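The structure appears below as structure tokens.
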Amino acid sequence: MLPLCIKCCIFSILMYRDHQQALAERTSLSQYLAQSQDELPAKTMKDSAVEAHLPLGSQPALREKYLNYHNSVRFGRILEDLDSLAVLICYSHTWNKELKRSPLSIVTALVDKIDMRKNIIYPDCDIKFTGHVTWVGKTSIEAKMHVSQYHDGAYTDVLDATFVMVARDPDNKRAAFINPLKLESPEEKAIFQQGEINKTRRVELSTASLLKVAPAAEERTLIHNLFLNTLDTRTVSFRSRILSPNSVWMEDAKMKGLEICHPQERNIFNRIFGGFLMRKAYELGWANACAFAGCRPTLVAVDDIVFRKPVEIGSLLLLSSQVCYTEGLHIQVRVHTEVLDPLSRQHSTTNVFHFTFCVEKDIPAVVPQSYGESMLYLDGKRHFDETMRSQG
């Protein structure tokens, strides 16, 4: 049984006293890297199984860190813990018994899916994290995690999460081979097969991205109907647009934020911890949904978070949140993060986040005006539809 904070567990396991010494120590591990996956011993799912406890019920000081003003748990903190746990699971899978450590660097590639199983996470009840490796490629690993909370004498489900991690060399400069996975039962074979299905689905979604190909015929019809519904019938002009009742232009459903990236939030590679980025993006997305709906939103799912580029210490991190689709009582929010180089004034995208929220009152429809906003609208609809399908 492992205590939380999980980040501290990772640092203690790897025996790093400070970041500079850690980087120097890791460089020497390059000699232990395999030249092919066949050189590495197969590991089982049990080898990477991890259980960690967050003792909110017994440690009031820790509870303060996780408490929000709604007397619930800050979900952004849970995102940080999930990211750390996924890294720990992958280090357990690639653990070298002779070295008593993993020679690899593990970084988060994407968050495939987080599905919520309950709306309220109590701030004064213990939380349990469990997880293990469910699929491996040559240099990538899928880790599934389950979170439950002890309440009224029993553990109840909170969420299920799927992360995809990649293995790098000790200097985090190139891909590295990981241990193959040994399947020991029909159940494990089915879990592994689901990992293959997830990989195929991600490839298909990437291929069909609106950044690469035109919308489908029914999507084009939807956008044109939205356009027709906002034309001013008193004029004969394509530029004269009016909103339908209970509607909001997408331009008016935005929220922005800025973070100066300090060393406090760095990882062992002297870059900003991915969990911190997820927490900041979630909190901005939640605030945007709250302001848009005029009431407190509840998270339904986190979907398709891609880590495109690391964030360096000292970066100016710009966060832009956009309500991009609404349906019924649901709000789909997209958060785009980028770093700004103040010297060159160049912007570089680092992450794109997708959050699905639900509220308990009627909300206005969000309406695009430009072609770019229309593509955001369709992208949001795709993510919303995928979330609804996955949740049955």
Side-chain angles (χ1 to χ4, degrees), residues 4-8 10-11 19 65-66 68 73-90 105-114 116 129 140-141 143 145 147 159 161-166 168 172 202 254-289 299 301-322 324 332-342 346-357 383:
L4 242 61
C5 171
I6 302 173
K7 263 195 285 189
C8 293
I10 295 176
F11 281 98
H19 290 83
K65 175 183 176 182
Y66 285 80
N68 66 23
V73 168
R74 295 173 60 185
F75 187 73
R77 293 293 189 192
I78 300 298
L79 286 175
E80 289 184 321
D81 291 339
L82 286 171
D83 190 48
S84 295
L85 183 65
V87 173
L88 182 58
I89 288 170
C90 295
S105 299
I106 302 294
V107 297
T108 307
L110 63 92
V111 178
D112 186 74
K113 195 74 174 176
I114 300 177
M116 302 302 297
F129 296 76
S140 58
I141 311 174
M145 292 161 287
V147 178
L159 63 83
T162 304
F163 281 50
V164 177
M165 322 297 285
V166 292
R168 310 279 291 175
N172 194 22
R202 288 192 294 268
K254 293 180 178 181
M255 191 169 287
K256 295 182 181 293
L258 168 67
E259 290 291 332
I260 301 174
C261 298
H262 297 291
Q264 180 184 7
E265 303 299 340
R266 64 185 171 183
N267 58 23
I268 60 176
F269 310 114
N270 215 32
R271 288 168 171 161
I272 295 300
F273 173 51
F276 171 79
L277 302 175
M278 286 195 286
R279 173 164 65 88
K280 288 300 180 180
Y282 166 76
E283 291 175 349
L284 181 64
W286 184 93
N288 192 12
L299 181 68
V302 181
D303 177 37
D304 193 26
I305 299 175
V306 180
F307 289 79
R308 303 178 184 274
K309 183 179 179 180
V311 178
E312 304 292 341
I313 301 298
S315 297
L316 297 180
L317 182 68
L318 308 178
L319 301 96
S320 301
S321 177
Q322 171 75 69
C324 53
Q332 189 69 36
V333 178
R334 179 183 189 267
V335 179
H336 175 270
T337 62
E338 59 184 0
V339 291
L340 167 65
D341 185 332
Q346 290 186 336
H347 293 249
S348 300
T349 297
T350 59
N351 303 84
V352 177
F353 304 82
H354 300 275
F355 303 104
T356 306
F357 295 97
H383 282 282

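Note that the structure is predicted; figures quoted are calculated from it, not measured.
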May I ask you to test the [X]-[Y] pair for a side-chain heavy-atom distance under 4.5 Å?
{"X": "F273", "Y": "E80", "answer": "yes"}
{"X": "K113", "Y": "V302", "answer": "no"}
{"X": "F163", "Y": "T108", "answer": "yes"}
{"X": "L284", "Y": "W286", "answer": "no"}
{"X": "R168", "Y": "V107", "answer": "yes"}
{"X": "R279", "Y": "R74", "answer": "yes"}
{"X": "I78", "Y": "L159", "answer": "yes"}
{"X": "F129", "Y": "I89", "answer": "no"}

Checklist entry - Should we say atom CG of L258 is surrounded by more than 12 heavy atoms from elsewhere, each under 6.0 Å from it? => result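 Yes, because the 6.0 Å sphere around CG of L258 holds more than 12 heavy atoms from other groups.
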Checklist entry - side-chain contact (heavy atoms from CB on, under 4.5 Å) between V333 and S321: does it pass, once the steps are laid out? => result CA-CA 7 Å; V333 178; S321 177; 3.2 Å; yes
[atom1] of [X] to [atom2] of [Y]: how many Å apart, nearest 0.5 Å?
{"X": "K280", "Y": "L79", "atom1": "NZ", "atom2": "CG", "result": "13.0 Å"}
{"X": "E338", "Y": "H347", "atom1": "CD", "atom2": "NE2", "result": "5.5 Å"}
{"X": "T350", "Y": "I272", "atom1": "OG1", "atom2": "CD1", "result": "10.5 Å"}
{"X": "F276", "Y": "R77", "atom1": "CZ", "atom2": "CZ", "result": "9.0 Å"}
{"X": "H354", "Y": "C324", "atom1": "NE2", "atom2": "SG", "result": "7.5 Å"}
{"X": "L299", "Y": "I114", "atom1": "CG", "atom2": "CD1", "result": "8.0 Å"}

Please find the pair of heavy atoms, one from [X] and one from [Y], that lie closest to each other, and give the distance.
{"X": "C261", "Y": "V311", "result": "SG-CG1, 3.7 Å"}
{"X": "A281", "Y": "V335", "result": "O-CG2, 3.6 Å"}
{"X": "Q322", "Y": "N288", "result": "N-ND2, 3.4 Å"}

Next on the checklist: Distance alone, cut at 3.5 Å: any donor-acceptor contact between the side chains of T349 and H336?
Outcome noted: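 H336 and T349 do have a side-chain donor-acceptor pair below 3.5 Å.
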Next on the checklist: Could you tell me if K309 and S348 have a donor-acceptor pair between their side chains, going purely by distance under 3.5 Å?
Outcome noted: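 The criterion, which ignores hydrogens and geometry beyond distance, is satisfied for K309 and S348.
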Checklist entry - Would you call the rings of F355 and Y282 parallel, tilted or perpendicular, where under 30° means parallel and over 60° means perpendicular? => result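 Ring orientation, 0 to 90° scale: perpendicular.
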Item to check | side-chain contact (heavy atoms from CB on, under 4.5 Å) evaluation trace for D83 with M278 | outcome: CA-CA 9 Å; D83 190 48; M278 286 195 286; 3.5 Å; yes
Next on the checklist: Donor-acceptor pair, distance only, cut-off 3.5 Å: does the side chain of T337 make one with the backbone of N351?
Outcome noted: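 Indeed, once roles are kept as given, a pair shorter than 3.5 Å links the two residues.
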Checklist entry - What's the verdict on side-chain contact (heavy atoms from CB on, under 4.5 Å) for V164 and R202, showing C-alpha distance, side-chain angles and the deciding distance? => result CA-CA 11 Å; V164 177; R202 288 192 294 268; 3.7 Å; yes
Item to check | Any pair counted as salt bridge (charged side-chain N to carboxylate O under 4.0 Å, His left out), so long as it reaches residues 268-277, sequence neighbours left out | outcome: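 The answer is R271-E312.
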Item to check | Steps toward side-chain contact (heavy atoms from CB on, under 4.5 Å) verdict (D303, T356) | outcome: CA-CA 8 Å; D303 177 37; T356 306; 5.7 Å; no
